[in-house]
Amino acid sequence: MYLNQRDGWIEVICGPMFAGKTEELLRRVKRLEYAKKNIVVFKPNIDNRYSEGEVVSHNNNRTKSVNIASASQIFDYIDSETDVVAIDEVQFLDEEAVPICEFLAEKGIRVIVSGLDRDFRGEPFSFMPKLLAIAEYVTKLTAVCVHCGIPATRTQRIVNGKPARYDDPIVMIGAEESYEARCRKCHKVYRKPNLYRNKKL
């Protein structure tokens, strides 16, 4: 059960790619539109996969959005009448997104963000753990592993037909890459350190 709207809070929708994070964010935004709430939707400039000026899900559901290069630009588009701030692919913003989300919630604004909680290595993505820690509500979604069909919690990066290497950059510009949803067992990262590789149980 949600808190009273005037209290303000933070909701985080997270999980791997293909888990329906953007779809869930859009569903919540649509409900709030029916409730006549004043909503501003943001997405990072880097996310231009489907459309400029729109947040678009894999199912082609969409809503108008504001493209921003940094989290601080949020303040340029909101005012005292803003009820809800929604941010898709929040992990691609800078770390200032964390205190800004907290500030907005403390001012009585409902903040809804969606993003990857893990990078392609299977490790926590940037500042996402901080957002998860300060959020009142966390929805962790799973996808379906393309190899074995069980719930997938990780994103597999494939570069030139092979699993990515651990020392590859988190964000690759201009590379021939693709992604798959995978479970813990099927997720592969070349050269990933493992302190307990030779440990026997």
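Atoms considered below: every heavy atom in the structure, side chains included; atoms not considered: hydrogens, waters and symmetry mates. The residues of the chain are indexed from 1 along the displayed sequence.
- In this structure a side-chain-to-backbone donor-acceptor pair under 3.5 Å is missing from Gln156 to Tyr179.
- Counting only heavy atoms from C-beta outward, the side chains of Cys14 and Lys140 approach each other to under 4.5 Å.
- Hydrophobic clustering (ILVMFWY, side-chain heavy atoms < 4.5 Å, transitive): Val146 and Phe120 are in distinct clusters.
- When atom types are taken as modelled, the side chain of Arg157 and the backbone of Ile170 share a donor-acceptor pair closer than 3.5 angstrom.
- Cluster membership check: Phe75 shares its hydrophobic cluster with Ile109, using side-chain heavy-atom separations under 4.5 Å among Ile, Leu, Val, Met, Phe, Trp and Tyr.
- Listed by chain and number, the residues in a side chain to side chain contact (heavy atoms under 4.5 Å, CB included) with Ala69 are Asn45, Gln73 (sequence neighbours excluded).
- The two atoms that bring Arg118 and Gly122 nearest to each other are NH1-O, 2.9 Å, heavy atoms only.
- The shortest non-hydrogen separation linking Ile87 to Leu25 is O-CD1, 3.5 Å.
- In this structure a side-chain-to-backbone donor-acceptor pair under 3.5 Å is present from Gln91 to Leu116.
- The structure places CG of Asn67 at 5.0 Å from NZ of Lys43, a figure rounded to the nearest 0.5 Å.
- In this structure, CZ on Phe127 lies 5.5 Å from CG on Leu93, to the nearest 0.5 angstrom.
- Residue pairs meeting the salt bridge (Lys or Arg N to Asp or Glu O under 4.0 Å) criterion with at least one member in residues 179-188, sequence neighbours excluded, are Glu180-Arg182.
- The minimum heavy-atom distance linking Cys183 with Cys145 is given by the pair N-SG, 3.4 Å.
- For the atom pair Leu132 CG and Ile10 CD1, the distance stands at 10.5 Å (nearest 0.5 Å).
- The two residues Leu141 and Ala19 make their nearest non-hydrogen contact at CD1-O, 3.6 Å.
- A distance of 8.5 Å separates CD1 of Ile112 from CH2 of Trp9, quoted to the nearest 0.5 Å.
- Annotation: side chain of Ser65 is not in contact with side chain of Asp88 (no heavy-atom distance under 4.5 Å).
- Val113 places a side-chain heavy atom less than 4.5 Å from the side chain of Leu131.
- In this structure, Lys192 contributes its side chain and Arg121 its backbone to a donor-acceptor pair below 3.5 Å.
- Between the OG atom in Ser114 and the CD atom in Glu89 there is a gap of 6.0 Å [rounded to 0.5 Å].
- When every heavy atom of Met17 is checked against every heavy atom of Ala143, the shortest pair comes out as O-CB, 3.7 Å.
- Taking the side chain as every heavy atom from C-beta outward, Ile100 and Val85 never approach each other to under 4.5 Å.
- Using a 4.5 Å cut-off on side-chain heavy atoms (C-beta onward), Tyr196 and Leu201 make no contact.
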(request) Output, in order, the C-alpha distance, side-chain angles, deciding distance and verdict of side chain to side chain contact (heavy atoms under 4.5 Å, CB included) for Arg165 and Val159. (result) CA-CA 9 Å; Arg165 298 193 313 268; Val159 180; over 6 Å; no
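- Among residues two or more places apart in sequence or in another chain, the side chain to side chain contact (heavy atoms under 4.5 Å, CB included) test is passed with Glu106 by Glu102.
- With contacts defined as side-chain heavy-atom distances shorter than 4.5 Å, the pair Arg110/Lys37 does not qualify.
- Remark: Asn38 CG to Thr82 OG1 distance equals 5.0 Å, nearest 0.5 Å.
- Transitive grouping of hydrophobic side chains (ILVMFWY, heavy atoms separated by less than 4.5 Å) brings Leu104 and Tyr77 into a common cluster.
- Applying the side-chain hydrogen bond (donor to acceptor under 3.5 Å, both in side chains) test to every pair with at least one member in residues 123-134, sequence neighbours left out, gives these pairs: Glu95-Lys130, Glu123-Tyr166.
- Residues forming a side chain to side chain contact (heavy atoms under 4.5 Å, CB included) with Lys64 (at least two apart in sequence, or on another chain): none.
- Note on Ile150 and Val144: separate hydrophobic clusters, where clusters join Ile, Leu, Val, Met, Phe, Trp and Tyr whose side-chain heavy atoms are under 4.5 Å apart, directly or indirectly.
- Nearest heavy-atom pair, Thr63 versus Glu33, reported as atom, atom and distance to 0.1 Å: OG1-OE2, 3.7 Å.
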(request) Determine, stepwise, if the pair Arg28 / Thr139 fulfils side-chain hydrogen bond (donor to acceptor under 3.5 Å, both in side chains). (result) CA-CA 12 Å; Arg28 297 184 193 187; Thr139 302; 2.9 Å; yes
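- Among residues two or more places apart in sequence or in another chain, the side chain to side chain contact (heavy atoms under 4.5 Å, CB included) test is passed with Thr142 by Pro151, Thr153.
- For the pair Arg27 and Glu24, the salt-bridge criterion is met [side-chain N within less than 4.0 Å of a carboxylate O].
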